[in-house]
Amino acid sequence: MTAYTTRYNKAKRALFERMYSFLNERQREAVFTVDNPLLVLAGAGSGKTTVLVHRIAFILRYGNAYYQNINDDITQEEVEKLESAMDLPLDELPAFLDGLAVGKCPPWAVLSITFTNKAAKEMKERLIKVVGEERGAQDIWAGTFHSVCVRILRRHGIELNIPSNFTIYDAEDSKRLISSIMKDLNIDEKILPVKMISSLISKYKEQLVTPEEAVTPEKDFKMSRILRVYKEYERRLSEANALDFDDIIMKTVQLLKTSESVRDYYQSRFKYVCVDEYQDTNHAQFELAKLLSGKYRNLMVVGDDDQSIYKFRGATIKNILEFDTVFSDAKTVKLEQNYRSTENILNAANAVIKNNVGRKGKNLWTKNGKGDAIVLKKLDDQNAEASYIANSILELAKNENRKFNEFAVLYRMNAQSNAIEKVLARAGVPYRVLGGTRFYDRKEIKDIMAYLCVINNTNDNLRLQRIINEPKRKIGSATLEAIADISANDGISYFEVISNASKYVALAKAAPVLTAFANLIKQFVIISKSETLSSLFAKVIDMSGYRDMLVAAGPAEADRVENIDELISNAVEFENQNDDATLQSFLEEVSLISDIDNYDADADSVVLMTIHSAKGLEFPIVYLPGMENGIFPGVISMSDNEDMEEERRLAYVAITRAKQKLILSHVKERLMFGKTQYNQISRFITEIPSDLLDVQEEIRHRNYMFESKLTAKARREEAISKGIGAPNVFVGKGSAKEKNGDVFVAGDTVIHPSFGRGDVLSARSMGRDYLYEIAFDNFGTKKLMGSYAKLKKAE
DNA sequence: CACGCTCTGCCTGCG
DNA sequence: GCAGAGCGTG
């Protein structure tokens with residue numbers, strides 16, 4: 001080693017630091033730390049995704065070039081060449097540094113795991129930008145925990161006796177299954193609620209505990225019954241060739257633990273593993289990450305213990321708090337500079353979160369300047385609160401020339417959205433609601449999906465049971481019980497039983513209808529093999545009689561008809577986007593998507609969602625209604641200290657979503673679940689130093705709905721001038737829709753053929769139609785679908 | 001077996 | 001305030 005070697009290594013680092021001068025020092029450290037376990041504690045808005053993306057790009061291009069010292073003999077000439085490179089133009093540096101790469105890694109050897117599809121998609125897009133397609137950005141495995149595991153299980157699950165065409169049961173399916181098991185085992189749902197059992201089973205699976213491994217105190221009667229349900233639940237899942245969401249992780253862990261060849265395959269493949277939102281991982285996910293990175297041990301986890309808000313579904317903050325104990329050679333990097341919010345907003349967030357005991361401790365700071373004071377508004381009731389938000393949005397849109405997509409209204413629970421939605425509609429503010437009932441959770445969609453699941457996998461007894469009498473086919477509970485008995489005795493699926501219904505004495509009476517149903521499904525199976533997805537969907541909807549059933553129900557079910565049609569358009573879309581649009585791949589994609597994945601930040605409308613859904617997002621202006629004890633923090637968490645800390649972390653997440661303005665509000669009385677509550681101001685507000693707050697009160701002691709200084713006509717014109725046209729954009733799948741007939745907005749006066757004159761209170765886009773709430777002069781307020789109502793404009 | 005009535009319970013929710 | 005489950009009746 002010559003004297004030049006030290007100088008050489010130093011110059012090399014200086015060059016990399018220069019190349020990454022757009023990052024701060026902490027961020028650079030995380031990017032350059034490539035080998036061994038790494039924990040990045042990334043505060044809200046600290047550029048965590050930037051670090052993840054650039055670190056992967058760095059690994060692919062330069063390997064461990066920054067920290068790997070050169071020990072060979074270095075000549076004076078070589079040192080000087082390196083040192084003079086400091087004068088190179090910045091855009092020539094990356095190519096120059098290629099010569100210094102050490103142990104760079106192929107893209108397919110990098111695995112990046114996130115929680116949501118949205119995060120995975122964003123990650124992929126940014127990788128393509130930074131890494132570039134020519135460097136194989138496409139080949140990086142970037143997916144959610146579930147998509148990664150499903151991929152592994154489809155390919156290797158057979159080693160655990162999981163056939164590759166398994167179906168996935170969502171939370172509702174799994175509750176139905178539990179409920180039917182409890183009936184069979186004669187367990188009273190009033191003593192042991194389904195909800196409780198399902199969450200216990202989920203907890204076991206998150207802890208990787210099988211029913212056999214679960215230990216119960218001898219005399220614990222309840223526990224022993226729960227375990228009996230768990231055992232039977234497992235049996236029926238495997239009989240139906242189905243996995244629930246927890247299984248997807250648990251079985252993958254089991255597979256990696258038991259099969260040496262599968263474990264070797266993945267461990268040798270993944271040289272680098274990154275896990276985002278690590279604070280949200282549960283025990284099973286921790287084991288999975290540990291297993292997948294088990295050979296090279298280059299596991300990087302990124303998270304923020306202060307943003308851990310999913311304890312209730314099994315996330316354990318322990319994973320992050322104990323990371324450096326489990327991996328004793330782990331390095332920890334803290335990102336505390338915030339690039340998102342103003343100082344006032346950050347100070348408020350810091351002041352709230354510092355009341356938590358169980359945390360690593362971090363203090364966010366920013367160079368963004370103080371910014372506006374945080375507004376704290378007190379109002380009469382939830383309607384006044386909603387009106388205030390609507391007025392405030394219109395005012396800021398006008399005075400500060402804000403676009404509607406700069407605003408977000410974040411609430412603790414979905415039930416709060418109703419009052420706000422109504423008023424926004426009246427005020428002509430375009431908005432979208434995320435969350436609540438997902439498109440694929442709607443009954444009619446789940447029914448049609450159940451048909452498709454049975455067509456794909458006739459062993460799926462649960463889905464078969466769901467649709468066998470939907471629409472009505474005169475197959476009642478007595479027949480179903482007989483089918484279940486035969487199925488259990490002969491060890492064959494429900495479908496096999498009904499296919500041979502005439503063979504069984506117990507089914508003699510129902511045999512004709514059962515055979516007809518079995519033939520219908522068999523026909524669908526044939527169609528599924530010869531025709532396109534969309535044509536299969538259309539035939540299922542029509543030939544099953546499902547559409548006729550809805551149409552016969554009249555206008556009340558009009559929106560359901562729209563939804564099943566929307567499902568067909570989704571199939572068409574899916575065909576356009578995928579070369580191999582099989583039924584199996586469609587079902588899989590659908591079972592792994594969520595609403596937030598459809599959030600489109602570019603659409604110009606105010607967005608309403610829960611604080612949970614908003615994690616990872618940011619908005620210039622954020623409203624937080626319902627800052628009241630009993631709402632936020634929620635009533636259930638008020639008695640438990642750990643739950644209270646989770647609520648406080650949720651408050652921290654909520655506050656740190658805001659970039660420029662934060663508006664908190666609370667009300668004197670609130671109508672909720674049909675009851676009036678009188679809540680005190682949220683304890684989290686009292687934790688914010690008062691000098692950060694601009695306290696305003698607007699108490700009128702009277703019932704109060706949206707009042708605008710603008711007339712309905714002026715509001716509408718304003719809305720149209722802003723390019724909104726029709727007032728609201730519907731939830732969920734956001735494809736542009738053709739509307740038939742005249743379209744009305746809140747404030748219009750219309751004539752209905754039988755109800756006469758009325759005023760449109762709200763208009764809501766539903767599929768290709770509109771749902772109007774109309775106050776008729778003589779018939780009261782009614783909700784009508786535009787295409788059925790035959791409305792005419794009055795004037 | 002289907003329909004309509006009453007009763008209940010309801011936070012947050014990844015995939 | 002609303003949806004889904006349970007129950008009684010035709």
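Since the model is a prediction, treat every value here as computed from it, not as a measurement. Within every chain, numbering begins at 1; the chains are lettered A, B, ... in the order of the sequence lines, protein sequences first and strands thereafter.
In this structure, the salt bridge (Lys or Arg N to Asp or Glu O under 4.0 Å) partners of A/Lys251, at least two apart in sequence or on a different chain, are A/Glu234. Take A/Phe115 and apply the ring pair (Phe, Tyr, Trp, His ring centres under 6.0 Å) test, not counting sequence neighbours, and it matches A/Phe145. When the ring pair (Phe, Tyr, Trp, His ring centres under 6.0 Å) test is applied to A/Tyr494, no partner is found at least two apart in sequence or on another chain.
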Could you list the donor-acceptor pairs under 3.5 angstrom formed by side chains in residues 546-556 of chain A, with sequence neighbours left out?
{"residue": "A/Tyr546", "atom": "OH", "partner": "A/Asp447", "partner atom": "OD2", "Å": "2.5"}
{"residue": "A/Arg547", "atom": "NE", "partner": "A/Asp542", "partner atom": "OD1", "Å": "2.8"}
{"residue": "A/Arg547", "atom": "NH1", "partner": "A/Asp565", "partner atom": "OD1", "Å": "3.2"}
{"residue": "A/Arg547", "atom": "NH2", "partner": "A/Asp565", "partner atom": "OD1", "Å": "3.0"}

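Closest to the side chain of A/Lys474, out of B/dC1, B/dG13, B/dG15, is B/dC1. Distance from the side chain of A/Glu189 is smallest for C/dG6 among the nucleotides B/dC11, C/dG6, B/dC1. Closest to the side chain of A/His146, out of B/dA2, B/dC1, B/dG15, is B/dG15. Checking B/dA2, B/dT12, B/dC1 against every side-chain atom of A/Ala478, the shortest atom distance belongs to B/dC1. Candidate nucleotides C/dG6, B/dC11, B/dG15 were compared by shortest atom distance to the side chain of A/Asn117, and B/dG15 ranks first.
Within the structure, ring pair (Phe, Tyr, Trp, His ring centres under 6.0 Å) contacts touching residues 630-652 of chain A (residues at least two apart or in different chains) are A/Phe632-A/Phe684.
A salt bridge between A/Arg466 and A/Glu172 is present, with a side-chain N of the basic residue lying under 4.0 Å from a carboxylate O of the acidic one.
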Go ahead and write out DNA chain B as dot-bracket, 5' to 3': ( ) for pairs within the strand, [ ] for ones crossing earlier pairs, | when the partner sits on another strand, dots for unpaired; Watson-Crick or G-U wobble, both distances under 3.5 Å.
||||||||||.....
